[in-house]
Colleague: 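Below is one structure. I have some questions about it.
By convention in this document, chain letters (A, B, ...) are assigned in the order of the sequence lines, proteins followed by strands, and residues within each chain are numbered from 1. This structure is a prediction, so every number in the text was calculated from the model and none was measured.
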Amino acid sequence: MRNINGYLKNIIGAEFSKIFNVSNETIDNSSFVVEYPKNKSDGELSTNICMVLAKEISANPVEAAKTLIKSLEKIEDFEMLEVAGPGFLNFNISKDTWFRFLSQLLETNLLFNEEIGLNKNINVEYVSANPTGPLHIGHCRGAVFGDVLSNLLKVTGHNVTKEYYINDAGTQIDTLANSTIIRIKEIINSKSLEDYPDDFYPGEYLIDVAKKIIDKYGTSILENDNHFSTIKGECVNLLLENIKEDLSKLSINQDIFVSEKELITQGKIDKTIDELKNMNLIYKGILDKPKGKQIEDWEPRKQLLFKSSEYGDEIDRPLQKSDGEWTYFANDIAYHYDKYLRGSTHLIDILGADHGGYIKRMSASIQALTNNKARFTAKLCQMVKLISDGKELKMSKRSGDFITLSDLVKEVGSDSIRFMMMYRKNEAPLEFDFKKVTEQSKENPVFYVQYAHARISSVLNNLHSQNIKLNLENFSECNFSELNDLSEISLLKKILDYSNIINTSVSLFEPHRIAYYLYELASEFHSLWSQGKVDNSKKFIDADNIPRTYARMALLIATQRTIKSGLDILGVSSPDEMK
RNA sequence: GCGUCCGUAGCUCAACUGGAUAGAGCAUCAGACUUCGGAUCUGAGGGUUGAGGGUUCGAAUCCUUCCGGGCGCACCA
């Protein structure tokens with residue numbers, strides 16, 4: 001029973017069910033909560049059970065609360081029970097109860113429920129950038145989000161596969177190969193082209209790629225009959241290696257990289273489309289012309305369509321191009337089905353906002369193929385707006401003019417980037433001020449949190465240098481009731497709130513909550529620390545009062561472990577000293 | 001036009017999926033400390049949550065109609 005809210009909820013629910021003769025199931029299915037009220041004058045804790053279930057027992061919530069109080073008063077955890085407002089039940093719990101949970105936390109080192117996802121196989125697909133160039137800031141957000149979400153799912157007991165889908169088929173890759181061939185020619189002839197074709201990737205990184213290919217195959221590479229497909233393959237490999245390297249600089253290391261091209265050559269697309277055909281979900285038809293968007297060469301055309309509209313999409317979606325090739329969508333259907341066949345029952349895609357219109361059709365195909373056995377969740381990351389000197393930096397892949405992820409990590413550092421990306425909820429646009437983060441790094445909240453961790457290490461060092469010997473591995477001899485300051489209890493409550501934050505974050509797939517929580521936790525700690533500066537008796541270490549010092553060390557260690565746990569999930573380091 | 005995300009303090013953002021008096025940081029102003037490391041702390045001012053209507057004990061949150069913005073809208077990925 002390591003979660004205090006869950007513990008109290010069980011007790012209150014059980015009493016309620018006994019008194020009003022309501023089944024446990026009814027209570028479990030209600031939206032009844034035990035929470036910390038915003039306003040401290042409303043007590044330490046609060047429950048809405050009487051309001052939520054008033055109709056169920058056809059009683060006035062205030063009267064019900066009064067009855068419930070009489071019963072809860074007999075239980076020793078509860079103090080100061082009172083009815084407030086329309087039927088809230090506010091109360092305090094005894095200090096001993098708080099201390100019991102602190103003691104348990106220190107003893108077991110379990111900060112939250114690590115078995116939420118027991119036996120659940122989740123696949124998280126993220127980044128999946130086309131291997132046509134280096135990663136830039138636009139990729140950064142989804143990359144960090146996917147990685148943190150994966151971490152969060154893992155520590156809560158899920159089996160997680162972190163996956164990257166390589167779009168190594170299709171016309172963009174042909175363009176890539178053609179652009180590289182132009183660079184190879186330039187190198188061989190030692191002179192630049194005057195006019196590049198319209199569909200040319202101008203980035204200088206392709207010159208490096210061209211050089212490496214010449215190094216490997218010699219200057220006669222272009223005379224080889226198979227040179228196009230050879231070069232195509234080499235381009236993808238080289239650029240993918242760069243991408244992996246960049247990701248690892250951000251501490252992102254995915255488990256599986258799946259090639260679109262291989263799915264095609266293995267015949268998985270045809271097989272999947274056949275299955276849809278057997279389910280009678282495919283037909284030949286003509287789509288209406290899209291409204292609101294001018295398309296010059298639009299003409300009615302009969303196409304192979306998937307009946308996604310039967311599963312909530314607006315219209316049916318094409319599977320085959322006019323040249324007979326499968327569409328990207330067709331390939332993607334097969335890809336997602338493949339994830340399911342490999343054993344994942346929950347597929348999560350981390351997508352950029354520009355893919356928002358894609359979700360319904362994807363969801364439709366997964367529902368159809370897995371007969372609703374697989375769950376699909378798409379998390380959209382809104383765009384990152386890059387600001388410098390108060391102006392927005394526009395990025396253009398066409399001109400090859402963008403700030404690479406690699407440069408950003410070099411300038412700002414992995415910890416700052418990761419924390420910054422998580423210090424916002426994913427569906428809100430993010431403004432990333434380049435100048436602010438690089439030049440005035442003090443404004444970055446990550447340092448505030450890390451500083452709290454480092455300060456605690458510093459106190460522990462100090463304990464050592466003052467030659468005070470305490471058992472910091474086992475606190476069974478510690479008298480927690482020495483913690484009698486309001487701020488200390490407040491910090492303790494915050495620590496015990498961590499498991500609630502983890503529960504919420506994982507159930508809503510909203511890891512940003514952890515970043516905000518850590519900031520608040522650090523704030524409680526810094527505040528307590530500062531009290532010791534004005535009042536010596538409030539310093540954590542008091543050589544004349546060892547029992548009290550011991551209890552405070554227990555509190556600090558619990559704080560530090562919680563900070564470290566949260567930062568670990570965010571993939572941010574927990575330094576023992578700030579440089 | 002359709003779909004989708006968003007609109008909260010001067011700025012950047014939260015708000016435990018319907019809870020009580022909507023909170024932080026930055027900026028502004030006023031304070032604290034001969035530091036268990038000042039990358040710190042305390043306090044003040046700042047709001048009709050874009051607008052109207054609805055649902056109920058209760059709405060920033062759900063429904064609806066507007067207004068404003070981002071993204072997307074056959075045979076690209």
Colleague: May I ask you to establish whether A:Lys379 and A:Phe145 are in a cation-pi arrangement, using a distance under 6.0 Å from NZ or CZ to the six-membered ring centre and at most 45° from the ring axis?
Modeller: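 Because its charged atom misses either the 6.0 Å distance or the 45° angle limit, A:Lys379 does not stack over A:Phe145.
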Colleague: Over all strands shown, is A:Asn500 touching base, sugar-phosphate only, or nothing at heavy-atom distances under 4.0 angstrom?
Modeller: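 It contacts nothing in the nucleic acid.
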Colleague: Quickly work out the A:Lys385 NZ to B:rG69 P distance and round it to whole Å.
Modeller: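 Computing the A:Lys385:NZ to B:rG69:P distance gives 13 Å.
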Colleague: Rounded to the nearest angstrom, tell me the gap between atom CG in A:Leu521 and atom C1' in B:rG25.
Modeller: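 Answer to the nearest Å: 17 Å.
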Colleague: What integer distance in Å separates A:Asp433:CG from B:rU12:P?
Modeller: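 To the nearest whole Å, that distance equals 11 Å.
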Colleague: A:Ala54 near the nucleic acid: base, sugar-phosphate alone, or nothing, with a heavy-atom cut-off under 4.0 Å?
Modeller: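 Counting heavy atoms under 4.0 Å across all strands, no contact is made by A:Ala54.
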Colleague: Tell me the interatomic distance from A:Tyr519, atom OH, to B:rC13, atom P, rounded to whole angstroms.
Modeller: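 Those two atoms, OH and P, are 16 Å apart.
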Colleague: Write down the distance between NZ (A:Lys538) and C1' (B:rC41), rounded to a whole number of angstrom.
Modeller: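 It works out to 13 Å between those atoms.
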Colleague: Please determine whether any donor N or O and acceptor N or O are separated by less than 3.5 Å between the side chain of A:Lys533 and the base of B:rG38.
Modeller: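 Side chain to base: pair present.
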Colleague: Give the rounded distance in Å between these two atoms: CZ of A:Phe525 and P of B:rA39.
Modeller: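 In whole Å, B:rA39 P lies 14 Å from A:Phe525 CZ.
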Colleague: Is A:Tyr36 touching bases, backbone alone, or none of the nucleic acid, heavy atoms closer than 4.0 Å?
Modeller: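 Base, at least one base heavy atom under 4.0 Å.
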Colleague: A:Glu577 near the nucleic acid: base, sugar-phosphate alone, or nothing, with a heavy-atom cut-off under 4.0 Å?
Modeller: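 A:Glu577: base contact, heavy atoms under 4.0 Å.
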Colleague: Is a side-chain N or O of A:Asp349 found less than 3.5 angstrom from the main chain of A:Leu351, in a donor-acceptor match?
Modeller: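 It does not hold such a pair.
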Colleague: Using whole Å, what does the distance between atom P of nucleotide B:rC13 and atom CD of A:Glu427 come to?
Modeller: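 Distance, rounded to whole Å: 13 Å.
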Colleague: Using the ring of each side chain (for Trp, its six-membered ring), is A:Tyr423 parallel, tilted or perpendicular to A:Tyr519, with breaks at 30° and 60°?
Modeller: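 Judged by the thresholds at 30° and 60°, the geometry between A:Tyr423 and A:Tyr519 is tilted.
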